[in-house]
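Here the structure comes first, spelled out in structure tokens, and everything after it is commentary.
Residue numbers begin at 1 in each chain, while the letters A, B, ... track the order of the sequences. In this text, all values refer to a predicted model and were calculated from it rather than measured experimentally.
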Number of protein chains: 2
Amino acid sequence: MSVEHHPDHAPLELEHFLPYRLSILSNAVSQAIADDYQRRFDLSMTEWRVMAVLARFDGLSAREVAERTLMDKVAVSRALAKLVEAGWVTRATHDGDKRRSVLGLSEAGWAIHEVVAPMARAHERNLLEKLDDEERTWLVRILDKLQAIEPK
Amino acid sequence: MSVEHHPDHAPLELEHFLPYRLSILSNAVSQAIADDYQRRFDLSMTEWRVMAVLARFDGLSAREVAERTLMDKVAVSRALAKLVEAGWVTRATHDGDKRRSVLGLSEAGWAIHEVVAPMARAHERNLLEKLDDEERTWLVRILDKLQAIEPK
DNA sequence: TGCAACTGGTTTCATATGTAACTATAACGT
DNA sequence: ACGTTATAGTTACATATGAAACCAGTTGCA
């Protein structure tokens, strides 16, 4: 691979610079999805991520949600405040540890999930359809490799 | 490809959801780089991007910088305010169009660039080194394909 | 016990970011 | 020429985000 065409101090060509390209692509994709559910449910990306993880793992504490979503606990706390207020997430106190909360989707929360999850999947499918089978396979493999180490 | 394992309404598995994975990876990578130059020069990512594009294209206007960096004009305006203030970017008025500014790196700006550009490249190289030649080739190809359409 | 260190979660504050309104200049159509 | 419309850039406001301080409640251990 030709990484050495340019001396180190030469101006960066952003459009060929991998971190920049990743950032642009990622933002475009996430934003496109978020726009959808933001418009329909006034749901932010962080809030949706919390709901998505509670849909899979019922009864988590806020800290566990933070771990699963890779969000920090402040962000989770705020998202939860809004979600509980909206009546989409239920919050109880853990027996035996009054610090911990026990979270889950409410009926209404599940109803939202039933709409948003398919939307999100459709966007993903839409994206993957631009690639052929071989490319999709490589992409997953490359992401696996890059992520194996990066999360310090 | 197995996209149909899950009914559409089943809970999303974030860790396999492409947009989420891209977002996590991209943030980790960009943040790692930004941390470096933030600490050393109190330079934000947006500010660095402006400097990077001015290093390549001297004399751009603010709007042109915005186009090149895909940032919106407000973000560029703010970045420029700080960069000019810091003495790293020079700003003059275009002859013949007093609305337009004519931007460029100052001596000091170039000095910063000489340090940051290699840092950024090193991070990129570090990332690419986790892949073999074949994977790198596919990655570029996949990014090209995904980006060809996404930028609506 | 009882107190020091720790953990779950929230609040506060300072900063960043996006949207819309605004100012100044330039271009266009008559 | 001259008013309308468009463009470059900044400012204001409202919201989002991150870091650190904070308040319980819990654990460890003398």
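- Atom CD in A:Glu85 sits about 14 Å away from atom P in C:dT10, given to the nearest Å.
- To the nearest 0.5 Å, atom CZ of residue A:Arg121 and atom CG of residue B:Leu18 are 13.0 Å apart.
- Residue B:Ser77 places at least one side-chain N or O closer than 4.0 Å to OP1 or OP2 of D:dT10.
- Distance, B:Gln38 CD to C:dA16 C1': 11 Å, rounded to whole Å.
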**Request:** Begin with the C-alpha distance, continue with both residues' side-chain angles, and end with the deciding distance and a verdict on salt bridge (charged side-chain N to carboxylate O under 4.0 Å, His left out) for B:Asp133 and B:Arg136.
**Result:** CA-CA 5 Å; B:Asp133 274 358; B:Arg136 284 193 278 267; 2.6 Å; yes
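- The nearest pair of heavy atoms linking B:Asp72 to B:Ala66 is C-CB, 4.4 Å.
- Shortest non-hydrogen contact noted between B:Glu135 and A:Lys145 is OE1-NZ, 2.9 Å.
- A:Arg39 places its CZ atom 17 Å from the C1' atom of C:dG18, with the value rounded to the nearest Å.
- Panel note: side chain B:Glu67, backbone B:Glu64; no donor-acceptor pair is recorded below 3.5 Å.
- Spacing between atom CG of B:Leu60 and atom P of D:dG9 amounts to 10 Å, rounded to whole angstrom units.
- Contact annotation: A:Arg91 reaches the phosphate of C:dT10 (side-chain N/O to OP1 or OP2, under 4.0 Å).
- A:Ser101 has a side-chain polar atom (N or O) that falls below the 4.0 Å cut-off from OP1 or OP2 of C:dG9.
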**Message:** Treating primed atoms plus P, OP1 and OP2 as sugar-phosphate and everything else as base, which nucleotides of nucleotides 13-27 of chain D get B, S or - for protein heavy atoms under 4.0 Å?
**Reply:** ----BBBB---BBS-
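- Partners of B:Ala55 by side-chain contact (heavy atoms from CB on, under 4.5 Å), not counting sequence neighbours, listed by chain and number: A:Pro11, B:Leu105, B:Trp110, B:His113.
- Spacing between atom CD of B:Glu64 and atom P of D:dG9 amounts to 8 Å, rounded to whole angstrom units.
- Counting to the nearest Å, the C1' atom of D:dT10 and the CG atom of B:Leu80 are 11 Å from each other.
- A:Arg100 has its CZ atom 13 Å from the C1' atom of C:dC6, to the nearest Å.
- Spacing between atom NE2 of B:His94 and atom P of D:dT7 amounts to 16 Å, rounded to whole angstrom units.
- In this structure A:Met45 satisfies the side-chain contact (heavy atoms from CB on, under 4.5 Å) test together with A:Ser30, A:Tyr37, A:Arg49, sequence neighbours excluded.
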